[in-house]
Amino acid sequence: MYNFLFYLLIDVFGVIFMILSFSVVTLYLLIMILSALEMRDFRRKNRFADYQDIITSPIAPGVSILAPAFNEESNIVQNVKSLLALHYGKFEVVIINDGSKDQTLNRLIEAFELKKTSFFYQSQIETAPVRGIYRSENKSFRRLWVIDKENGGKADALNAGINISTMEILACIDVDCILASDSITRMVRPFMEETNKKVVAVGGAIGIANNCDVKDGTVTKYRVPKSRIGKFQVVEYCRAFLMGRMAWSRINGLMLISGAFGFFKKDLVMAVGGYFPKTVGEDMELVVRLRRYLEERDIPYRVAFVPDPLCWTEVPEDEEVLGRQRNRWMRGTIETLQLHNKVGYNSRFRVLGLVSYPFWSIFEKMGPILEISGLIYTLILLLIGDFSAVYFFSLILMIYFLSLLVSAFSILYEQIAYNNYKDKNDLRSLIRTILLEPLFIHPKVVLWGLKGHIDFIAGRGGWGKMIRAGFKTAEDRKNLDTQSTTS
């Protein structure tokens with residue numbers, strides 16, 4: 001009897017894993033097709049677009065750029081100058097000093113001639129106490145606001161920025177990111193174009209600036225990072241932004257806008273209560289909450305995505321730091337899905353409930369657990385002698401070549417659309433990374449995701465320390481190369 005039940009369970013699990021495997025293949029092929037169609041339509045529509053008209057248009061929306069800062073003394077002045085130099089007619093920059101323990105605030109006060117104001121801070125969204133609000137006496141910096149507050153985390157800092165913002169669009173960014181000079185004009189365009197639906201949020205593609213040349217706050221020469229981990233993230237970001245999010249945008253199914261670069265309608269963000277500070281996945285949680293709010297009120301809406309490389313960030317090239325980041329991403333995903341479990345598999349929420357939520361629940365949240373379970377299942381088959389080598393290796397090869405196909409097409413999209421990586425050595429390096437990623441890097445990503453589950457269950461939270469080397473200018477790189485040659 002027990003043997004019968006055991007082998008029945010083995011057969012049931014075998015069918016489940018087979019269905020999941022073919023589901024993965026089908027879904028990713030579909031994602032490739034949808035993203036290709038969306039990229040084609042986006043390029044056709046924007047090929048002859050004149051973004052200068054938006055800068056001078058009287059109906060262009062005002063934009064409040066919100067940038068939390070914590071212990072950013074080394075780069076804060078240059079980063080703020082870069083933000084103030086963006087090309088747009090009507091915008092303000094709100095820097096939120098979130099309880100920095102270094103000289104971040106003093107550097108800002110000195111560089112921008114800031115004075116503490118008597119501005120009345122109205123806490124429409126509850127935040128940690130605000131110690132002061134600063135403005136500059138120099139008219140050249142009239143767009144700049146600086147909030148000094150006690151530490152409350154990124155979401156809490158963004159809420160403080162929302163409270164004093166005066167524009168109708170919120171641009172929530174990481175202060176250490178590099179924005180293209182025309183980034184605002186390109187990101188506000190979807191808000192202005194849509195007439196039948198309310199555009200509630202617009203996400204942008206994120207580029208990787210490691211090993212690139214930066215001049216005057218702009219990436220002037222693209223290079224792939226030197227480390228294998230850095231190269232992997234180039235492939236991963238192309239896959240996520242130019243393929244994944246383009247496909248989800250096609251069916252209006254986006255559940256995530258990167259916290260490093262996202263634009264939101266302020267009135268709607270205020271209506272849902274701002275960012276939720278008790279999650280490490282505040283960017284995803286806000287998007288889901290906005291969508292849920294509008295679905296429940298039957299308001300036609302759209303979450304848009306702009307695939308242009310308008311924002312660059314430094315990614316971790318240390319495995320320990322990257323592991324902490326992926327751990328946090330997994331915990332944020334679990335928290336968001338649990339907070340909004342009412343949405344899941346609910347026809348009332350249409351694409352969000354029947355497509356996006358199930359995909360994130362099964363293939364993103366449960367992905368690491370399913371992969372580890374599949375490995376354990378295979379080991380059990382080996383132990384009991386019920387193992388088909390032909391079936392096993394055929395399945396492994398199919399999934400491996402699917403991974404190569406998806407990654408290769410994401411790099412192809414980047415080359416066709418933007419051609420940023422012009423050096424053939426860089427492309428060869430990315431191709432080698434695509435071949436090796438499933439074998440050497442993906443298993444680590446699975447383990448980091450699994451640890452995220454364990455830490456979530458154990459109640460371990462926090463962001464973890466992120467170490468950054470800083471962006472290099474061409475002159476910096478030349479000096480470093482000279483030093484390494486002479487030493």
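Computed from a prediction, not measured in an experiment: that's the story for all the values here.
- With values rounded to the nearest 0.5 angstrom, L290 atom CG is found 11.0 Å from K198 atom NZ.
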Quiz prompt | Test salt bridge (Lys or Arg N to Asp or Glu O under 4.0 Å) applied to K90 and E168, step by step | solution = CA-CA 11 Å; K90 188 180 179 182; E168 57 196 284; 5.0 Å; no

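- Taking a 6.0 Å sphere around CD of E126, one finds it holds 12 or fewer heavy atoms contributed by other residues, nucleotides or ligands.
- Side-chain atoms of K154 never come within 3.5 Å of backbone atoms of P277 as a donor-acceptor pair (strictly under, hydrogens ignored).
- Rounding to the nearest 0.5 angstrom, the gap separating the NZ atom in K265 from the CE atom in M270 is 14.0 Å.
- In summary, the side chains of N46 and R189 do present a donor paired with an acceptor at a separation below 3.5 Å, with no hydrogens or angles considered.
- Across every non-hydrogen atom of D102 and E72, the tightest pair is OD2-N, 3.4 Å.
- Between G353 and P358, the shortest heavy-atom contact is O-CD, 3.3 Å.
- Listed for the R43 side chain is a donor-acceptor partner under 3.5 Å among the backbone atoms of A417.
- Residue-environment remark: NZ (K115) stays at or below the threshold of 12 foreign heavy atoms within 6.0 Å.
- Between L310 and the options I206, D182, L179, a side chain to side chain contact (heavy atoms under 4.5 Å, CB included) holds for only D182.
- N71 contributes a side-chain N or O that, together with a main-chain N or O of K101, makes up a donor-acceptor pair within less than 3.5 Å.
- Side chain of R142 to main chain of N138: no donor-acceptor pair is present (N/O by atom type, distance under 3.5 Å, no hydrogens or angles).
- Side-chain atoms of E73 and T104 include no donor-acceptor pair closer than 3.5 Å.
- Minimum interatomic distance between I31 and G244 (heavy atoms only, all atoms of both residues): CG2-CA, 4.3 Å.
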Quiz item: Can you check salt bridge (Lys or Arg N to Asp or Glu O under 4.0 Å) on D148 and K116, steps first, answer last?
Solution: CA-CA 10 Å; D148 180 36; K116 195 171 185 178; over 6 Å; no

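- Within the 4.5 Å cutoff, side-chain heavy atoms of L29 are placed close to those of M32.
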Practice problem: Please assess Y413 against Y418 for the test side-chain contact (heavy atoms from CB on, under 4.5 Å), listing each intermediate value before the final yes or no. | Solution: CA-CA 8 Å; Y413 288 176; Y418 306 111; over 6 Å; no

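- Side-chain N/O atoms of E285 and T336 include no donor and acceptor closer than 3.5 Å.
- Heavy atoms from other residues, nucleotides or ligands lying under 6.0 Å from CZ of F91 number more than 12.
- Using a cutoff of 4.0 Å between basic side-chain nitrogens and carboxylate oxygens, R331 and E335 are not scored as salt-bridged.
- Figure legend: R291 and F349 shown without cation-pi pairing, the cationic atom not lying both under 6.0 angstrom from the six-membered ring centre and within 45 degrees of its axis.
- A salt bridge does not link E38 to R245: none of the charged nitrogens lies less than 4.0 Å from a carboxylate oxygen.
- Donor-acceptor pairing under 3.5 Å is lacking for the side chains of N97 and Y134.
- Shown here for V287 and L254, the closest heavy-atom pair between the two residues is CG1-O, 3.9 Å.
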Self-check item: Working for side-chain contact (heavy atoms from CB on, under 4.5 Å), residues V63 and V188
Solution: CA-CA 8 Å; V63 177; V188 300; 3.6 Å; yes

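- The minimum heavy-atom distance linking L86 with I65 is given by the pair CD1-CD1, 3.6 Å.
- Of all heavy-atom pairs between A205 and P307, the closest is CB-O, 3.4 Å.
- Y293 carries R297 over the face of its six-membered ring, with the cationic atom under 6.0 Å from the centre and within 45° of the normal.
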Self-check item: side-chain contact (heavy atoms from CB on, under 4.5 Å) between C212 and V219, worked out
Solution: CA-CA 7 Å; C212 296; V219 174; 3.9 Å; yes

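- The closest donor-acceptor contact from the side chain of R289 to the backbone of G274 lies under 3.5 Å.
- A donor-acceptor pair under 3.5 Å is absent between the side-chain atoms of D174 and the main chain of D176, judged by distance alone.
- At a cut-off of 3.5 Å, with distance as the only test, no side-chain donor of T117 or R135 sits close to an acceptor on the other residue.
- S356 places a side-chain N or O within donor-acceptor distance of the main-chain N or O of G253, the cut-off being under 3.5 Å.
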Exercise. Report the C-alpha distance between Q78 and N75 in whole Å, list the side-chain angles of each, state the deciding distance to 0.1 Å, and finish with yes or no for side-chain hydrogen bond (donor to acceptor under 3.5 Å, both in side chains).
Key: CA-CA 6 Å; Q78 186 59 42; N75 297 312; over 6 Å; no

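- With a 6.0 Å radius and a threshold of 12 heavy atoms from other residues, nucleotides or ligands, R228 has its CZ atom at or below the threshold.
- For R131 (side chain) and K149 (main-chain N/O), a donor-acceptor pair under 3.5 Å exists by modelled atom type.
- Taking the six-membered ring where the residue is Trp, Y275 and F264 present perpendicular rings, their angle passing 60° and hence far from 30°.
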Exercise. Take M255 and W360 through the side-chain contact (heavy atoms from CB on, under 4.5 Å) test and state the conclusion after the steps.
Key: CA-CA 9 Å; M255 282 180 63; W360 277 85; 3.5 Å; yes

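- At a cut-off of 3.5 Å, with distance as the only test, no side-chain donor of R324 or N327 sits close to an acceptor on the other residue.
- Looking at N163 and Y121, their side chains do bring a donor and an acceptor atom within 3.5 Å of each other.
- For an aromatic pair to be called close, the ring centres must be under 6.0 Å apart, and F305 with W248 fails this.
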Practice problem: Could you please spell out the steps behind the side-chain hydrogen bond (donor to acceptor under 3.5 Å, both in side chains) verdict for E92 and T166? | Solution: CA-CA 8 Å; E92 63 185 0; T166 62; 2.9 Å; yes

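- Within the model, atoms CD1 of I173 and CZ of F263 stand 8.0 Å from one another, a figure rounded to the nearest 0.5 Å.
- For the residue pair K365/T333, the side-chain donor-acceptor check at 3.5 Å is not satisfied.
- Within the cation-pi definition used here (under 6.0 Å to the ring centroid, within 45° of the axis), R223 does not qualify as a partner of Y421.
- With hydrogens and angles disregarded, a donor-acceptor distance shorter than 3.5 Å links the side chain of Q233 to the backbone of I229.
- For the pair N420 (side chain) and Y222 (backbone), a donor-acceptor distance under 3.5 Å is absent.
- Note that the CD atom of E236 and the OG1 atom of T433 stand 12.0 Å from one another [nearest 0.5 Å].
- A side-chain hydrogen bond (donor to acceptor under 3.5 Å, both in side chains) with R239 is found for exactly one of S403, S407, S35, namely S407.
- In this structure, the separation between OH on Y88 and OG1 on T185 is 8.0 Å, given to the nearest 0.5 Å.
- In this structure, E150 places its CD atom where more than 12 heavy-atom neighbours from other residues, nucleotides or ligands lie under 6.0 Å away.
- From I125, atom CD1 reaches atom CG of L158 across 10.0 Å, with rounding to the nearest 0.5 Å.
- A tilted orientation is assigned to the rings of F359 and F363, their planes being inclined by 30° to 60°.
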